2 protein chains.
Amino acid sequence: MNQAIRLHQVASQLKATCNKCSLSNLCLPLAVEENDLERLEDIVLQGKIFNRGEHIFDQSTPFKSCFAVRSGSVKTSIITEGGDEQVTGFFMPGELIGLDSMATDNYACTAKVLERTSVCEFPVDKLEQLTRMLPELQHHMYHLMSQEIQNSHQLAMLLSKNTAEERIAALLLSLSSRFQRRRMSPTNFSLPMARNDIANFLGLAVETVSRVFTRFQNQGIIKARGREVELLDVEALQLVTCDFARQGCR
Amino acid sequence: MNQAIRLHQVASQLKATCNKCSLSNLCLPLAVEENDLERLEDIVLQGKIFNRGEHIFDQSTPFKSCFAVRSGSVKTSIITEGGDEQVTGFFMPGELIGLDSMATDNYACTAKVLERTSVCEFPVDKLEQLTRMLPELQHHMYHLMSQEIQNSHQLAMLLSKNTAEERIAALLLSLSSRFQRRRMSPTNFSLPMARNDIANFLGLAVETVSRVFTRFQNQGIIKARGREVELLDVEALQLVTCDFARQGCR
DNA sequence: ACTTGTATTAGATATAGATCAATTTTGACA
DNA sequence: TGTCAAAATTGATCTATATCTAATACAAGT
């Protein structure tokens, strides 16, 4: 087989699969009309694979692209000059990474892959051009970025107002609903991240995270063996997060 | 004077002053070419005035517009079902409010005016249309929203990793640089918000905020009488925030 | 299977900052 | 100018969670 043919095969593999992607109802294609889809497919670089621990991009390297998670999971974090890490988010299939970097020349955070992960790359210059031509896509971008702001406010709220138990319950419920969106079990999943990352994300010590997990387990709210988690009593978890309910219980 | 003439006067007062606005180098006009400016001016509703304590918009009312602060200052906050408030930001002249609401049908927070304040209103439907025609404006919107995400991450970081002193030093420095942007004194200003709001924003008790203020004062880093603040030693404040430096000092 | 490093769990202690209680200051309005 | 409510400060305790230490479980590579 000559090289030209092989290249052609590779090219057609890479191209034009947004419409076949099982995540199209979560990801950017969601906002694009059937017949405009190929324009999005034209700019996307699909199917980049990273192995556990590899970086999709690094803080302070030139910002070029946003990335959609196809499979696997990603952790983003900011590293301070002092070497402190602050985990800013966990990203699951269908979610878009890099929106926090569009204000700066360099990436504003580092994106590290938590397990073998496949992503689609959207070069921002092209994406920005495309959003000018596809109003729905532009609207969707505003939507996603706004959502990201809200998420972050929600996190700030959790960090400043809630106890360790409340924070962890909230995280478990967030993960749960995100698994559900992907039509996976909302009560039976395996955490993509280590206790350490959870602790960092939620502003707690690892030990505290561990203790809360065992406490929840003793109360029969969850069952956890390592990263394998089963939510036995979702209502109880919701009660833990909801301070309104808590007030009522006093 | 007949009514037609009076209306005309009002209309021309309202219209076409973005190019004369002293904040045009901070606000949306910044991104717009001289000759496109009137299109921005066409959609903006200028000079709405609110008195201290009034709401520009309320959480859970239909989202319609973003607002740029012209003069005065604004506090945004989220109220939980339990009645808890979380202050999500303080906004000064030239800054844009409402970017966190573009993902939802209703406003995601409540915007309360901290003093007599004038704002410009940008109806989002028109703004979104306009950004399609003015690439620079679209780019600027992405920029602003991304910045907002970063700010919020920064806040989350502050809340989860920093001490009371560090948080307050960071806030003072942030305010300082924002006053400076507006060519006002970076060392001598009056806080637009109450201690209560500072405490809420930074995830502290009011008492703690008060104590840190007096501690800083005793150390000769600042001088504070009520809301009037003078930064006597900006370097010292920077040292407080920078954990790198702190490590070195141990 | 065995080693070695890493992640998780567990117990004991320390502490920053919350909470409670009281006082002083400020500012708005009659 | 005096009155009153809200805001700010100060002091005394209390507590959730960090920190320190150590034990145990787990995973990867030889």
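Everything quoted here is computed from the prediction, not taken from an experiment. In the text below, chain A, chain B and the rest are named by the order of the sequence lines, each starting its count at 1.
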Original post:
For B:Asn162 and C:dG17, what is the distance between atoms CG and P respectively, to the nearest whole Å?
Top reply: 10 Å

Original post:
Between B:Phe63 and B:Tyr107, how do the two ring planes meet: parallel, tilted or perpendicular, split at 30° and 60°?
Top reply: perpendicular

Original post:
To the nearest Å, how far apart are A:Arg227 CZ and C:dT6 P?
Top reply: 15 Å

Original post:
For B:Arg215 and D:dA8, what is the distance between atoms CZ and C1' respectively, to the nearest whole Å?
Top reply: 16 Å

Original post:
Among the nucleotides D:dA8, D:dT17, C:dT8, which one has an atom lying closest to any side-chain atom of B:Ala194?
Top reply: D:dA8

**OP:** Indicate yes or no: does B:Lys75 engage B:Glu85 in a salt bridge with an N to O separation below 4.0 Å.
**Re:** yes

Original post:
For the pair made of CZ in A:Arg225 and P in D:dA27, what is the distance, rounded to whole Å?
Top reply: 11 Å

Subject >> Ion pair A:Glu121/A:Lys48, N-O distance below 4.0 Å >> reply: yes

**OP:** State which residue, out of A:Thr76, A:Asn200, A:Asp100, fulfils the side chain to side chain donor-acceptor pair (under 3.5 Å) condition with A:Thr88.
**Re:** A:Thr76

Original post:
Is B:Lys161 salt-bridged to B:Glu166, going by a charged N under 4.0 Å from an acidic O?
Top reply: no

**OP:** Pull out every residue in residues 201-214 of chain A that has a heavy atom closer than 4.0 Å to any atom of DNA chain C, ordered by number, or say none.
**Re:** A:Glu207, A:Ser210, A:Arg211, A:Thr214

Original post:
Whole-Å distance between D:dT9 P and B:Leu191 CG?
Top reply: 10 Å

**OP:** Starting from C1' on D:dA18, measure out to CG on A:Asn200 and report it in whole angstrom.
**Re:** 14 Å

Subject >> Spacing of B:Asp84 atom CG relative to C:dA18 atom P, expressed in whole Å >> reply: 14 Å

Original post:
Once you round it to whole Å, what is the distance between P of D:dA7 and CD of B:Glu228?
Top reply: 18 Å

Original post:
If you measure from CG on B:Leu155 to NE2 on A:His153, what distance do you get to the nearest 0.5 Å?
Top reply: 7.5 Å

